[in-house]
Protein chains: 2
Amino acid sequence: MTETAKRPLSRDLVLETAVSLVDHEGLGALSMRRLGQELGVEAMSLYHHVANKEALLDGMVDAVVGELIEAVGPGGGTDAARDWVAALRARVLVARTVMLKHPWLPAVLESRTSISAPLIAYYEGVLATLHAGGFSNDLAHHTLHALGSKALGFSQELFDPGKGGGAGEQSGAELAAMAEAFPHLTAMMAEVAHDDPDSTLGWCDDQTEFEFGLDVLLDGLERRRTGTSG
Amino acid sequence: MTETAKRPLSRDLVLETAVSLVDHEGLGALSMRRLGQELGVEAMSLYHHVANKEALLDGMVDAVVGELIEAVGPGGGTDAARDWVAALRARVLVARTVMLKHPWLPAVLESRTSISAPLIAYYEGVLATLHAGGFSNDLAHHTLHALGSKALGFSQELFDPGKGGGAGEQSGAELAAMAEAFPHLTAMMAEVAHDDPDSTLGWCDDQTEFEFGLDVLLDGLERRRTGTSG
DNA sequence: ACCTGAACACCGTTCAAGT
DNA sequence: ACCTGAACACCGTTCAAGT
């Protein structure tokens with residue numbers, strides 16, 4: 001499954017191939033030897049195009065953030081001035097469609113020691129939207145923190161119940177013991193599973209939950225902006 | 001810096017030592033060989049007490065979550081029925097004081113493939129608080145998702161400006177170029193830095209920002225619970 | 001039952017050598 | 001200038017051997 005090896009090796013080709021490898025097989029599959037193999041080249045050849053593995057990861061982040069910036073365009077237009085909630089919401093949901101193709105990005109971003117120029121440029125667009133919507137610098141600052149990874153389209157929940165903790169594998173006795181030990185959880189799971197068979201705790205609708213959390217935040221921020229909260 | 005090696009090796013001692021090692025030196029310092037060294041024992045001896053490194057990480061998570069559950073106590077008391085916002089807020093802020101001692105935990109939790117019994121028990125307490133506060137199962141379910149890592153006391157922001165991206169190292173020319181390329185960011189940083197010298201973009205007050213984000217969420221959730229939103 | 005040491009199949013990275 | 005192969009200092013883990 002090596003590349004066709006027609007394009008000459010270059011930094012861009014190395015980064016593209018690394019992103020594609022990690023998109024398909026996860027971060028665990030990314031080693032210098034494996035990436036070299038993917039490019040039909042010895043691992044050591046890669047060091048002529050990236051300084052080391054950290055620099056490789058930096059480059060991969062910037063490549064994806066470049067995609068993201070292209071997808072969302074500049075912020076702060078007239079529609080942001082008219083309705084910043086709608087403008088920011090649309091921005092974030094577009095970002096999300098790009099980011100879902102690269103689910104390894106939050107983990108890599110968290111391991112960076114400094115913020116890159118492309119990422120700064122992305123946040124400039126978010127800020128332009130907020131300022132067009134009438135945010136003070138102070139509230140805009142708090143807002144960037146409060147949005148966290150949601151600004152980039154990620155929910156970054158700590159555990160994904162779909163990963164294996166859901167119902168379905170327990171015996172009747174285990175379920176009964178669980179109902180006694182965790183009555184509130186058991187009741188909630190039973191009702192949510194009943195209301196929406198496709199969306200039990202073991203398989204929540206990520207998009208729905210992301211938009212719910214985003215909307216709660218946006219509503220609360222708008223109330224603070226207009227001074228109608230508290 | 002090895003242990004005094006008086007206590008006999010046991011699963012608990014292995015887990016305690018691993019948590020302490022990672023608290024002090026970070027996840028990168030945790031290897032089976034290094035952990036063995038810390039305990040005055042060969043790396044292979046550890047395999048008599050934990051199945052492998054993944055099981056070691058599982059055990060470390062449960063050890064910390066145990067601390068957490070002890071610190072917050074059970075949820076759903078009369079004060080939760082009287083004021084769920086205050087009750088949940090207090091719970092989360094207590095959780096935060098525990099979690100700040102183990103900042104590696106989000107990264108490890110994200111790498112787990114299933115949710116452990118102690119973590120389920122913690123969420124049962126959160127749910128008890130929400131149910132005492134009058135939440136429907138459906139809204140409680142959305143709320144768990146919306147809270148994300150905040151339920152455990154972590155902000156989990158994607159980048160920490162304090163890590164190195166802040167101002168302070170740029171030349172005058174670089175700052176001028178930045179002001180032109182990123183006018184909104186430059187203006188915000190200037191004002192926020194001026195208002196609070198201790199809390200520039202390069203050194204934000206994590207606790208303040210955590211509480212701001214938490215309060216925005218709690219306000220929005222209370223409005224949804226009472227049907228006063230939208 | 002618990003601990004050991006050598007070994008295996010991996011890492012990232014350095015270095016001297018090739019073209 | 002670009003690529004290579006051997007080597008170094010690490011990983012997690014297996015296995016046979018010790019007590």
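A, B, ... follow the sequence lines: proteins, then strands. Residue 1 opens every chain. These numbers come from a predicted model, not from an experiment. Keep in mind that the numbers below use all heavy atoms, side chains included, and drop hydrogens, waters and symmetry copies.
- By the 4.0 Å N-to-carboxylate-O rule, A/Arg112 lies close enough to A/Asp58 to be salt-bridged with it.
- Helical stems in DNA chain C, defined as runs of 3 or more consecutive Watson-Crick or G-U wobble pairs with donor-acceptor distances under 3.5 Å: C:4-8 with D:12-16, C:12-16 with D:4-8.
- Atom CG of A/Leu56 and atom P of C/dG12 are 10 Å apart (whole Å).
- Nearest heavy atom pair, residue B/Asp62 against residue B/Ser116, reads OD1-OG, 2.7 Å.
- B/Ser31 comes within contact range of the sugar-phosphate backbone alone, with a heavy-atom separation under 4.0 Å but no base atom that close.
- Within 4.0 Å (heavy atoms only), A/Leu30 reaches sugar-phosphate atoms of the nucleic acid but no base atom.
- At whole-Å resolution of the value, CD in B/Glu42 and P in D/dG12 are 14 Å apart.
- A/Gln37 has its CD atom 13 Å from the P atom of D/dT4, to the nearest Å.
- Between the CZ atom of B/Arg11 and the P atom of C/dC2 there is a distance of 14 Å, given to the nearest Å.
- The two residues B/Arg33 and B/Ala43 have their closest heavy-atom pair at CA-CB, 3.6 Å.
- The two residues A/Ala18 and A/Leu56 come nearest to each other via the heavy atoms CB-CD1, 4.0 Å.
- Between the side chain of A/His48 and the base of D/dC3, a donor-acceptor pair under 3.5 Å is found.
- A straight line from CG of A/Asn52 to C1' of C/dG12 spans 9 Å, rounded to a whole angstrom.
- Cation-pi geometry between B/Arg96 and B/Phe154 is not met at under 6.0 angstrom from the ring centre and within 45 degrees of the axis.
- The interatomic distance linking A/Met32 (CE) with D/dC3 (P) rounds to 13 Å, in whole Å.
- Ring-plane geometry between B/His131 and A/His184 is classed as tilted, the angle between the planes lying from 30 to 60 degrees on a 0 to 90 degree scale.
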Just the table, please: protein N/O against nucleotides 14-19 of chain C N/O, every pair under 3.5 Å.
none

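- For A/His141 and B/Glu191, the side-chain atoms include no donor-acceptor pair closer than 3.5 Å.
- As a whole-Å value, the separation of A/Leu46 CG from D/dG5 P is 14 Å.
- Minimum heavy-atom separation, B/Tyr123 to B/Gly148: OH-O, 4.1 Å.
- Taking every heavy atom of both residues into account, A/Gly213 and A/Lys150 meet most closely at C-CE, 3.8 Å.
- We find that CG of B/Leu27 is positioned 15 Å from C1' of D/dC11, with the value rounded to whole Å.
- Residues A/Arg33 and A/Ser45 both approach DNA chain D. Their nearest nucleotides, taken by heavy-atom distance, put A/Ser45 toward the 5′ side.
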